[in-house]
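Read the structure below first, then the notes.
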Protein chains: 2
Amino acid sequence: MSKRAAYHHGDLKAALVESALALIAERGVAALSVAEVARRTEVSSGAPYRHFPSRQALLVAAATTAARNLTARFEATCPWTGLPGSDPVANLGASAAVYTLFTAEHGFGLDLIFAAELRGDSDEDLLDAGRAVMEPPLQAALSITGGDAKAALNLVERAFAAAHGYATLWRSGLYADRQATVDDAAADAAATARILARAIQNP
Amino acid sequence: MSKRAAYHHGDLKAALVESALALIAERGVAALSVAEVARRTEVSSGAPYRHFPSRQALLVAAATTAARNLTARFEATCPWTGLPGSDPVANLGASAAVYTLFTAEHGFGLDLIFAAELRGDSDEDLLDAGRAVMEPPLQAALSITGGDAKAALNLVERAFAAAHGYATLWRSGLYADRQATVDDAAADAAATARILARAIQNP
DNA sequence: GTCTATACTAGGATAGAC
DNA sequence: GTCTATCCTAGTATAGAC
């Protein structure tokens, strides 16, 4: 029996999201096409529309899944922030490294998760995932600023702007001359985050 | 006489590049299309191909023009780096702010100017423009590191990764909740650059 | 040097068969 | 719930008229 005839998905919807994430990782958000996703999932070009009404809806689903993965990675990275003996500066640095790796590999990060165009649909799942995602690094930042919420938000913004920049510039090939790997970019992002954190502690 | 019949460009090529930059600024690099550029320049869809053999060539020309503009803006921002009495930390901060403004407004920055896909064509103009663009901030960084070239490159990378991140995250609408303007993002980028510079001076 | 016209490709989305 | 077939839109690029 042929490949396609054999294809009985228990969960085509999830498989489509996986293919979409892989396609975005390879070619970027702009290159996401429902037709190509269908091809990679080995279903017909019309099949995805039974699960997603539009390309946009598929993109929202992919961003939501990715946001949840990112949250999980953050939680795994700094699970003990706030407990005595933990090092919040190290945790924030580790979060920045995680974010750079995530964004460089996925081809998107907070830019898509919080993109106005996607959130405008009042998509509750993505809104919830977006709300949750920055909690772990914010907790680390709050430890660093001694509970000052405004300063903590500022620190997180700084650290993650830098981490986002490293990821996107690495992805564009800017550091390719130096044969820098994505891990080098992540290490640089972590070092930058630690410098920024220490500057807040000792103004 | 009709609009189009009246259109006699002294320099259609330059006008096409201008339209391309405006289109990218509005809708992003991915949305650049020769057809739309022709429409905006009020020429036929075939006309651009007399000046650019492909969409890619038009993109290279736009990136080259933008790179030269950015260099000029850098030079205007910190013209006195190295002279006695100048403040290289302030100059680096100002460069970061300029870069954030430039990138947020144009929809691209170093990512496109140094993009491997565009430079692969051995396009000499773009290569030259790319080589020149980072010179002013590098001079400021060299003043800060006391002539240590490696540390200066590192500092510039850090400062501009952060500036790039602020620009792209601002462009994605991430800070829209807070009603932050692009000038706020640029000010944040400058502050971050100054913190990173001071951390190098007092390790 | 620009215009019109056209060949070709690709994707978004829908309808109806099974 | 998936497939096939189709419509429509949009873009890249070329050819030949003027």
Side-chain angles (χ1 to χ4, degrees), chain A residues 1-63 107 112 115 117-118 120-121 123, chain B residues 1-63 107 117-118 120-121 123:
Chain A
M1 72 183 142
S2 86
K3 251 186 191 172
R4 184 164 297 177
Y7 212 96
H8 278 212
H9 261 291
D11 197 350
L12 177 57
K13 190 167 182 174
L16 290 168
V17 168
E18 281 311 301
S19 296
L21 286 170
L23 176 56
I24 293 169
E26 271 177 48
R27 303 198 213 154
V29 172
L32 175 70
S33 92
V34 178
E36 177 65 20
V37 165
R39 235 170 272 133
R40 288 174 177 229
T41 317
E42 294 182 302
V43 292
S44 73
S45 67
Y49 288 94
R50 194 59 46 174
H51 298 277
F52 302 100
S54 66
R55 184 201 112 118
Q56 170 99 337
L58 175 56
L59 184 55
V60 167
L112 189 66
E117 341 146 36
L118 299 193
D121 306 343
D123 182 277
Chain B
M1 76 185 141
S2 87
K3 250 187 192 171
R4 185 164 297 178
Y7 211 95
H8 277 214
H9 261 291
D11 198 350
L12 177 56
K13 190 167 182 174
L16 291 168
V17 168
E18 281 312 300
S19 295
L21 286 170
L23 176 56
I24 294 169
E26 270 178 47
R27 303 199 212 152
V29 172
L32 174 70
S33 92
V34 178
E36 177 65 21
V37 166
R39 234 170 274 132
R40 288 173 177 230
T41 316
E42 294 183 301
V43 292
S44 73
S45 67
Y49 288 93
R50 193 61 44 173
H51 299 278
F52 302 100
S54 66
R55 184 202 114 118
Q56 169 100 337
L58 175 57
L59 184 55
V60 167
E117 341 145 38
L118 299 193
D121 306 343
D123 183 277

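Order of the sequence lines sets the chain letters (A, B, ...), proteins ahead of strands, with each chain counted from 1.
- Protein atom OH of B:Tyr49 is 17 Å distant from nucleotide atom P of C:dA7, rounded to whole Å.
- If you take NZ of B:Lys13 and C1' of C:dG1, they are 14 Å apart, rounded to a whole angstrom.
- Side-chain contact between A:Glu26 and A:Glu36: absent, with no pair of heavy atoms (C-beta onward) separated by less than 4.5 Å.
- Straight-line distance from the CZ atom of A:Arg40 to the P atom of C:dG11: 11 Å, rounded to whole Å.
- Here C:dG11 is the nucleotide among C:dG11, D:dT2, C:dA5 with the atom lying nearest to any side-chain atom of A:Ser33.
- Using a 4.5 Å cut-off on side-chain heavy atoms (C-beta onward), B:Leu21 and B:Glu18 make contact.
- Whole-Å rounding puts the B:Leu59 CG to D:dA13 P distance at 12 Å.
- Atom pair B:Leu16:CG and C:dG1:P shows a separation of 13 Å (rounding to whole Å applied).
- Remark: P of D:dT12 and CZ of B:Phe52 are 14 Å apart, rounded to the nearest angstrom.
- Protein atom CZ of B:Arg39 is 14 Å distant from nucleotide atom P of C:dT4, rounded to whole Å.
- Residue contacts for B:Arg55: at a heavy-atom cut-off of 4.0 Å it reaches the sugar-phosphate backbone alone, with no base atom in range.
- Counting heavy atoms from C-beta outward, B:Val43 and B:Leu12 have side chains that approach closer than 4.5 Å.
- An OP1 or OP2 oxygen of D:dC3 is reached within less than 4.0 angstrom by no side-chain nitrogen or oxygen of A:Arg50.
- Here C:dA5 is the nucleotide among C:dA5, C:dG12, D:dG11 with the atom lying nearest to any side-chain atom of B:Ser45.
- Looking at residues two or more places apart in sequence or on another chain, you find a side-chain contact (heavy atoms from CB on, under 4.5 Å) between A:Phe52 and A:Lys13, A:Leu16, A:Val17, A:Ala57, A:Leu58, A:Ala61.
- Considering only the side chain of B:Leu12, C:dT2 comes nearest among D:dT12, D:dC3, C:dT2.
- With DNA chain C read from its 5' end, the first of the two nearest nucleotides for A:Ser54 and B:His51 is the one closest to B:His51.
- In plain terms, the two heavy atoms of B:Gln56 and B:Glu117 that are nearest each other are NE2-O, 3.3 Å.
- Between B:Asp11 atom CG and C:dG1 atom C1' there is a gap of 13 Å when expressed in whole angstrom units.
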